[in-house]
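Every chain is numbered from 1 and lettered A, B, ... according to where its sequence line falls, protein lines coming before strand lines. Quick caveat: nothing in here was measured; it's all calculated off a predicted structure.
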Number of protein chains: 2
Amino acid sequence: MPLYCQLKDTLKAAIERGKLKPNDRLPPETELAQLFQVSRMTVRQALIELENEGFIRRRQGQGTFVAERKFRQSLLRLTSFTEDMQSRGLKAGARVLSVKVISGDENLMQRFEAAPDEQFVRLERIRLADGEPMALEISFLRRKFCPRIEEIDFTDRSLYVTLREEFGLELGWASQTIEAKLADEYEAKVLGVPVGVPLLLMQRITYLADGLTRIEYVRSSYRGDRYQLYVEVMR
Amino acid sequence: MPLYCQLKDTLKAAIERGKLKPNDRLPPETELAQLFQVSRMTVRQALIELENEGFIRRRQGQGTFVAERKFRQSLLRLTSFTEDMQSRGLKAGARVLSVKVISGDENLMQRFEAAPDEQFVRLERIRLADGEPMALEISFLRRKFCPRIEEIDFTDRSLYVTLREEFGLELGWASQTIEAKLADEYEAKVLGVPVGVPLLLMQRITYLADGLTRIEYVRSSYRGDRYQLYVEVMR
DNA sequence: TAGTGGTCTAGACCACTTT
DNA sequence: AAGTGGTCTAGACCACTAA
């Protein structure tokens with residue numbers, strides 16, 4: 001592992017464990033270089049990446065400081081429902097409504113740019129936060145990348161963790177749309193809300209780490225009365 | 001202006017003007033260094049920032065390539081309605097509903113962490129895309145940073161451009177929430193839609209470039225039938 | 001004025017990909 | 001084997017901030 005990554009991890013761990021608190025000042029770059037027996041440029045690479053990830057702020061003439069907690073959370077990243085709920089301090093869960101292997105759906109083939117005979121796994125779940133229905137989530141996966149995934153029970157299991165640990169699939173990025181719509185009869189029934197309540201509809205196509213291969217299409221309908229997206233955006 | 005910024009701007013301009021096309025390979029780092037008469041580390045700093053901004057992809061052993069257009073657009077950034085519509089190929093406009101100077105609002109004072117006697121300007125506009133109502137936007141500005149801004153007509157004028165050009169205010173970042181709700185009677189009337197249609201509600205607090213000073217609070221209600229957010233998110 | 005981060009150099013060797 | 005980006009060094013001077 002590169003030296004700058006080791007230094008990065010060391011500092012990140014110190015911040016996350018509370019050994020370094022928000023607004024604490026870090027030692028100057030020259031001092032860190034001596035401490036870790038590396039050159040200043042190596043220290044700088046570690047610090048620049050930590051700043052980009054929101055863990056620290058660097059100010060010319062002043063020094064380097066641990067960022068406020070809220071600043072290092074929830075810049076919009078590719079997260080699973082499980083991770084999202086964890087960061088909100090809620091316990092994520094699921095009720096599996098159906099699991100199917102399907103193929104030949106025109107719409108899906110287009111979204112995935114897939115061959116006509118390719119198989120997909122359709123996983124439909126109600127997502128729970130502290131046991132309460134929060135969203136209806138319908139995921140489509142390309143079965144050739146995760147064979148027999150339909151045999152796994154996703155009641156209390158993160159899909160993304162499973163993709164990584166069982167199938168060695170590293171996710172890279174996703175393109176996502178967000179819109180407002182009304183709950184139809186089916187959505188209302190499974191979410192336990194009246195027909196016509198507002199929902200936040202998010203549709204996502206997830207790509208692997210190579211940046212090109214599409215692995216997942218997911219359509220999530222969040223209850224408008226319980227769910228709010230939070231984003232920090234830069235100019 | 002630093003050398004690496006000059007190089008960055010040069011390359012960015014070449015990409016934006018189409019002189020360098022998607023998937024074109026850039027010269028290797030050593031060659032760029034010779035071409036621009038700078039060290040390789042300086043070239044690298046320019047390239048790393050261009051990669052972070054989505055203009056290029058770098059691959060060890062292969063080279064540096066111009067990124068696909070869609071990859072360099074619309075990562076979620078702090079944009080004005082005007083910029084947002086431009087990037088969608090629509091013409092942005094506005095109908096000013098009211099402009100007021102107000103003070104003493106508890107709620108506002110809290111959002112801005114402002115003194116009890118501070119004055120705010122409240123600007124309420126219907127935002128138009130190609131002449132059609134798209135959103136109701138209510139902006140609150142701290143008047144001490146932009147005195148007499150209430151005398152400006154924002155019918156065909158970007159608020160953010162005005163803040164920069166008339167008042168020298170550079171925006172830095174914003175914290176933003178996004179949720180789904182139903183149109184109430186007032187919203188329905190001014191947007192020209194029935195009561196109860198779904199709306200995408202975005203609330204934003206905008207900070208200046210210093211990262212600390214809050215300058216704007218804006219509450220935008222977008223028509224759910226016409227507006228969709230698009231985001232690309234990284235893992 | 002002293003100390004911080006910001007920029008820059010001219011090398012070096014390594015890891016990865018393609019030929 | 002050749003060429004690419006990835007990591008790293010040991011210096012240097014500059015710009016900004018605070019005392």
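Residues of residues 23-31 of chain B that place a heavy atom closer than 4.0 Å to DNA chain C do not occur.
To the nearest angstrom, C1' of D/dG5 lies 12 Å from OH of A/Tyr4. Atom pair B/Arg57:CZ and C/dT17:P shows a separation of 14 Å (rounding to whole Å applied). We find that CD of A/Gln45 is positioned 16 Å from C1' of C/dT7, with the value rounded to whole Å. Look at CE on A/Met1: it is 11 Å from P on D/dT7, rounded to the nearest Å. If you take CD1 of A/Ile48 and P of D/dC8, they are 14 Å apart, rounded to a whole angstrom. Taking atom CG on A/Leu32 and atom C1' on D/dC8, their separation rounds to 17 Å, with Å as the unit. When the P atom of D/dG6 is taken as reference, atom NZ of A/Lys8 falls 14 Å away, rounded to whole Å.
Contact annotation: B/Arg44 reaches the phosphate of D/dG6 (side-chain N/O to OP1 or OP2, under 4.0 Å). Within the structure, every side-chain polar atom (N or O) of B/Arg58 is placed at least 4.0 Å from both OP1 and OP2 of D/dT4.
Checked against the 6.0 Å centroid criterion, the rings of A/Phe112 and A/Phe120 qualify as a close aromatic pair.
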Original post:
What's the verdict on salt bridge (charged side-chain N to carboxylate O under 4.0 Å, His left out) for A/Glu29 and A/Arg44, showing C-alpha distance, side-chain angles and the deciding distance?
Top reply: CA-CA 7 Å; A/Glu29 296 178 351; A/Arg44 281 180 62 75; 3.2 Å; yes
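Checked for salt-bridge contact, B/Arg157 and B/Glu166 meet the test: a charged N lies under 4.0 Å from a carboxylate O. A salt bridge does not link B/Glu118 to B/Arg143: none of the charged side-chain nitrogens sits closer than 4.0 Å to a carboxylate oxygen.
Of the options A/Glu216, A/Glu150, A/Lys100, a side chain to side chain contact (heavy atoms under 4.5 Å, CB included) to A/Val121 is made by A/Glu150 and by none of the others.
Scanning for side-chain contact (heavy atoms from CB on, under 4.5 Å) contacts around A/Arg219 gives A/Lys181, A/Glu187, A/Leu201, A/Gln203, A/Tyr217, with sequence neighbours left out.
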Reading nucleotides 9-19 of chain D from 5' to 3' and marking B where a protein heavy atom lies under 4.0 Å of the base, S where only the sugar-phosphate is that close, and - otherwise, the string is BB-B--BBBS-
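Distance alone, capped at 3.5 Å, is enough to place a donor-acceptor pair between the A/Arg127 side chain and the A/Gly93 backbone. In terms of modelled atom types and a separation under 3.5 Å, the side chain of B/Arg214 and the main chain of B/Arg111 share a donor-acceptor contact. For the pair A/Glu124 (side chain) and A/Val96 (backbone), a donor-acceptor distance under 3.5 Å is absent.
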